[in-house]
Amino acid sequence: MKNLRLLKVLCVSNCDDLQYLSNELRLLDWKGCPLRYLPSSFQPDNLVALLLPYSHIEQLWKGNRPLYKLKKIDLKGSQNLIKTPDFTTTPKLEALIMEGCIRLVNVHPSIGVLKMLKLLNLRDCKSLRNLPTRIGMESLETLILSGCSNLVRFPEIDGKIEHLKTLDLSSCYKIEYLPVNLQQIEFLEKLDLSETSITEPPSFIFHLKNLKILSFNGRKGPSYKSRPNLPSLFKVIQGRRTNPMARMLPLLSGLSSLRSLNLRDCNLCEGDIPRDFSGLSCLMILDLSGNNFISIPASLTRLSKLWFLDLSNCNMCTLGEADIHGLSSLSHLYLKGNNFITIPLALTQLSRLKSLELSYCTELQSLPELLTTIADVIIDGCASLELVASPSKVCNLVDEALVYAINCFKLAENINALTLLRKHLKAFANSRKMFAILMPGSDIPEWFSHQKSDSSIKIPLPKDSQWIGVASCCIFVNNDSSRDYEIISCCACINFRNSEQASRDGSIFRGRNRRMIGGTGWQVGPIIKDHLFLHYWSRDQLYPISMEYKYGHCETNNLRATDCLDHKCDELERLSQT
């Protein structure tokens, strides 16, 4: 195999003592490579791509190797890597990926002179302490250093680096400043300075006319906790607010291309949001969670293209008197962890709202009739909630509707999931494709004729056409209260009958005859007691080809397992997992 040019290894067993690789290789692709070093006899003169993600490599090789044709190195997740090669012999290198190399402390200084490098990814190299003092990567387009929690200093820029589009320094807790000559990166589109030790937003940010994504949320992490007396990005000293971001916010209005802005945990108050904030005419995503607002700042209500707004954990008691109909594109509103007692009628002005997050609003007592467009209502941990409008009023103009009410025990005392389902079906049996609710409960009604103590169940389907949909119900039992969160997932599929051939295990179903209907999964906090998850699928959801032209409209007060005469199907399978 001396002339082998392309090698992709899929098996990692019995390769620990590999002594030979072809010197003609152009591609070496070996995920999980068990070698500590590549063979000493390997002369990679012709190598173009070296892909060794999640390998056991400690060092690629000892000494230098001629790598004049090499364009890509991928060592992602190679947790044993402790030393990088000398890059002086890789002048054509365009992509260097060492994400998750947690034992790597330093990189070879020659990395700073890779003139053709376009991508440098060192994400989560948690032991990395130093980069070269100066870098001159004039072709660099993407620089990712996020999660390099021990990196002390960002290097000076030598020459021009005008092609840079993405700079991610999030969770670089020890970086305190950026070099002044970064102002030359006029084509930068994404800048993430979240959770660093930078004390004031660099002034050059406000001249980046092409910037689309800016994240500058407050500092967190080990360095913040261990040095509480250092000046943080946003801080109150002796009752007097000295907030650099508040002073800088008016300058943001000049970033006409900005699409996404993250100012989470910046200790901002309502008066800090300037009136001309609406000048961000292209803004679509805005995260202001963890700040201090009495109500929605008035200047936000004129952001007509905004579709995602997060005001979680802002100590809000009301949305205020602002006319919010100007948020004409808003579809996702997160108000988690606020102090609402009830939801203001102002929300009815948001004609495109689809998802409303109210989790852990512990003072919330009632959820009245909301917009007909809302599909997802998330009220987990609303301990005081006693009343919620029926789904027919909460969400009646959408194909799918979800209500998550985890640990809402007062609500469960007043109304249960089955009552909500009946109200839902009474109004929308023929139009709603899917409805789901998760809330406290421990009893499955007897009219669920097919029951089983397991994580899955298969339901034989009847042969008649008198059905409107399928309802399933399962109980999640809390077996470990010490866990911080639970992962809950549910899915369903239809196994179609194949009368011609049996499968290998002797059953009459084959893998190609199984069709997934849909599934959902989510992470939740500790579940204190048993919860009931109720799921309903309409006939149209189960079988996208409508049968109404054959059978007409047919309604019934009973939910049953289903059959479709256009497809020979035999059973519905429901799977749940925590």
Side-chain angles (χ1 to χ4, degrees), residues 201 216-218 220 232-253 261-280 283 285-304 306-350 353 355-368 370-371 374 377-385:
F216 211 71
N217 64 282
K220 292 183 178 180
S232 62
L233 179 59
F234 309 111
K235 188 176 181 182
V236 177
I237 300 178
Q238 295 180 350
R240 184 178 178 182
R241 301 185 72 251
T242 58
N243 193 331
M245 178 54 77
R247 298 195 305 268
M248 293 290 190
L249 281 181
L251 301 176
L252 285 175
S253 60
L261 177 61
N262 178 1
L263 298 176
R264 184 190 325 131
D265 296 320
C266 289
N267 197 30
L268 296 172
C269 294
E270 191 168 344
D272 293 332
I273 308 298
R275 292 182 178 181
D276 61 353
F277 205 71
S278 56
L280 299 174
L283 195 65
I285 299 173
L286 178 58
D287 187 348
L288 292 173
S289 60
N291 289 293
N292 301 288
F293 301 125
I294 299 173
S295 59
I296 291 183
S299 56
L300 300 185
T301 63
R302 295 186 290 274
L303 297 172
S304 60
L306 195 70
W307 66 269
F308 177 94
L309 176 60
D310 193 343
L311 292 169
S312 299
N313 302 307
C314 287
N315 298 312
M316 296 172 62
C317 297
T318 177
L319 295 184
E321 301 299 326
D323 184 2
I324 63 174
H325 80 278
L327 294 169
S328 55
S329 300
L330 194 66
S331 61
H332 295 75
L333 178 59
Y334 284 20
L335 299 171
K336 176 180 178 180
N338 282 300
N339 300 320
F340 303 114
I341 295 177
T342 186
I343 299 302
L345 295 177
L347 284 183
T348 59
Q349 300 177 33
L350 304 176
L353 194 62
S355 178
L356 179 60
E357 164 77 80
L358 294 166
S359 296
Y360 303 102
C361 291
T362 56
E363 303 298 320
L364 185 65
Q365 296 177 7
S366 63
L367 185 64
L370 296 176
L371 279 176
I374 297 179
V377 179
I378 305 173
I379 48 179
D380 298 345
C382 292
S384 301
L385 187 64

Residues passing the side chain to side chain donor-acceptor pair (under 3.5 Å) test with Asn339, sequence neighbours excluded, are none
Across all chains, not counting sequence neighbours, the side chain to side chain contact (heavy atoms under 4.5 Å, CB included) partners of Ile294 are Glu270
Practice item. Answer whether the closest heavy-atom distance between the side chains of Leu364 and Leu358 falls below 4.5 Å. Key: yes
dist Ser355:OG -> Tyr334:OH (nearest 0.5 Å) comes out at 5.0 Å
- Message: side chain to side chain contact (heavy atoms under 4.5 Å, CB included), that's the test. Do Leu268 and Leu249 meet it? Break it down for me.
- Response: CA-CA 10 Å; Leu268 296 172; Leu249 281 181; 4.1 Å; yes
Hey, does the side chain of Thr301 reach the backbone of Ile324 with a donor-acceptor pair shorter than 3.5 angstrom? no
Interatomic distance, CG@Leu303 vs CG@Leu330, rounded to 0.5 Å, equals 10.0 Å
Gly337 and Cys361 have their tightest heavy-atom pair at N-SG, 3.8 Å
The side chain to side chain contact (heavy atoms under 4.5 Å, CB included) partners of Ser328 (sequence neighbours excluded) come to Ser304
Rounded to the nearest 0.5 angstrom, the OG1-CE distance for Thr318 and Met316 is 7.5 Å
Of all heavy-atom pairs linking Arg302 and Arg275, the shortest is NH2-O, 3.3 Å
Are Glu357 and Leu333 side-chain neighbours, meaning at least one heavy-atom pair lies under 4.5 Å? no
In short, Asn292 meets Asn315 closest at the heavy-atom pair OD1-ND2, 3.3 Å
query = Is there a side-chain contact between Asn338 and Cys314 (heavy atoms, below 4.5 Å)?
reply = yes
Hits for side chain to side chain donor-acceptor pair (under 3.5 Å) against Ser331, two or more places apart or cross-chain, chain-then-number order -> none
dist Ser299:OG -> Asp272:CG (nearest 0.5 Å) comes out at 10.5 Å
### Message
Within the 4.5 Å heavy-atom criterion, are Leu252 and Phe216 side-chain neighbours or not?
### Response
no
### Query
Side chains of Ile296 and Leu311: does their closest heavy-atom pair fall under 4.5 Å?
yes
Notebook entry, point to check: Looking only at side chains, do Asn291 and Asp265 share a donor and an acceptor under 3.5 Å apart?
Noted result: no
| field | Parallel, tilted or perpendicular, as decided by the 30° and 60° cut-offs, for the rings of His332 and Trp307 | value | perpendicular
Sorted by chain and number, sequence neighbours left out, ring pair (Phe, Tyr, Trp, His ring centres under 6.0 Å) with Phe340 holds for none
CG (Leu335) and CD1 (Ile378) are apart, to the nearest 0.5 Å, by 11.5 Å
With sequence neighbours left out, the residues meeting side chain to side chain donor-acceptor pair (under 3.5 Å) with Asn262 are Ser215, Asn217
d(Leu261 CG, Phe277 CZ) to nearest 0.5 Å is 5.0 Å
Hits for side chain to side chain donor-acceptor pair (under 3.5 Å) against Thr342, two or more places apart or cross-chain, chain-then-number order -> Ser366
Taken in chain and number order and not counting sequence neighbours, the residues that satisfy salt bridge (charged side-chain N to carboxylate O under 4.0 Å, His left out) with Asp287 are Arg264
With sequence neighbours left out, the residues meeting ring pair (Phe, Tyr, Trp, His ring centres under 6.0 Å) with Phe293 are none
